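Both ligands and their constituent atoms are indexed starting at 1 by order of listing. Owing to the predicted nature of the structure, the values given are computational and were not obtained by experimental measurement.
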Amino acid sequence: MTSSSGAGRFAPSPSADLHIGNLRTAVLAWLFARSTGRRFLMRVEDLDDRTFPEIAERQLADLAALGLTWDEEATRQTEHPQRYDAVVDGLRERGLLFECFCTRRDIAQAPRAPHAPEGAYPGTCRNLTDAERERRREETGRPPALRLRSDVTAYTVHDVLHGDYTGLVDDFVVRRGDGVPAYNLAGVVDDAASGVDQVVRGDDLLSSSPRQAYLARLLGHPEPVYAHVPLVLNADGARLAKRDGAVTLAEIGVPEALAQIADSLGYAARTVEDMLGEFDPARLPRTPWIYQPG
Ligand code: GLU
């Protein structure tokens, strides 16, 4: 077992109560951190206005009820907006940002170069002249988003479970038009600010990691160790959701939830402390956990 001065973390968005799949991801993030001698941190990702303080409270209470421990008081992203503003200002001073006036629809309908990667920003606002920018500002009547002027189209990260993963890096948004820092920027900035060097989360975010690692490099931060763990799906193969039945800790109960999580990982243990003794990243399931609420 290696020891490290770094940290792992779990970073829930308080838009809905955690379901059994989110809880399992949190347990895995904790196991990864603790088994490598790392600190474990909790960060509430509440920048989006569809998040709620009372849901954050319940999420933290549920995670504590499972036996997870964290080494500092949980932080909330809304507590320190100036941290993101400072990074955005720094990128702007380096000439790495441009204003973007596009709506989603503009992006979907924009003409594309024949070999442009699927899902990439088409570059509409990248090279506007000052006069064109002024005209767009007047036409749209709303403040622009800020996008990163990326000088790559793809970037490779290393993931403990997926190996080398190469994914799209386009001119992605770092600050939304309404002034809110974008997820890709905020997470990278917070991970670096809190010494996080291990990122364990659901594999729905694997495709975001090249953008985030590229931004981390631009900001002079080391790339974290990534482990993107399989999601939990319902019997139809869709992402587990509240309508699938009893999926939250309040509905399942702590002992049963711990038993289900342990069983899904092939462990006999019934507490997270005991799971630590059985934890081996090389033996983690590589396929989704199909969950049938009782
Ligand atoms: N807040 C994100 C989510 O709940 C996770 C972000 C991350 O782990 O980087 O999906």
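- For the ligand labelled ligand 1, residue Phe10 lies outside the 4.0 Å heavy-atom shell.
- Among all protein heavy atoms, the one lying closest to atom 3 (C) of ligand 1 is Ser13 OG, 3.7 Å.
- Side-chain contact, Tyr155 with Gln212: no donor N or O sits under 3.5 Å from an acceptor N or O.
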For this session: Starting from the C-alpha separation in whole Å, work towards a yes-or-no answer on salt bridge (Lys or Arg N to Asp or Glu O under 4.0 Å) for Lys242 and Glu251.
Result: CA-CA 11 Å; Lys242 192 119 189 76; Glu251 292 160 334; 3.2 Å; yes
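- Heavy atoms from other residues, nucleotides or ligands lying under 6.0 Å from CZ of Arg104 number 12 at most.
- In this structure, Arg270 contributes its side chain and Pro255 its backbone to no donor-acceptor pair below 3.5 Å.
- In the vicinity of Arg9, heavy-atom distances shorter than 4.0 Å reach the ligand 1 atoms 7 (C), 8 (O), 9 (O).
- For ligand 1, none of its N or O atoms has an N or O atom of Pro12 under 3.5 Å away.
- Enclosure of atom CZ in Arg243 is not indicated, since only 12 or fewer non-hydrogen atoms of other residues, nucleotides or ligands lie within 6.0 angstrom.
- Using a 4.0 angstrom heavy-atom cutoff, Gly187 does not count as in contact with ligand 1.
- If you check which protein heavy atom lies closest to atom 6 (C) of ligand 1, you get Glu45 OE1, 3.3 Å.
- Inspection of the Thr78 and Asp46 side chains reveals an N or O donor paired with an N or O acceptor under 3.5 Å.
- Between the side chain of Arg175 and the main chain of Leu185, no donor-acceptor pair closer than 3.5 Å is present.
- Listed by number with element, the atoms of ligand 1 under 4.0 Å from a non-hydrogen atom of Arg201 are 7 (C), 8 (O), 9 (O).
- Here Leu205 has side-chain heavy atoms under 4.0 Å from ligand 1, and that is the only part of it that gets that close.
- The nearest protein atom to atom 5 (C) of ligand 1, hydrogens excluded, is given as Ala11 O, 3.4 Å; this is a heavy-atom distance.
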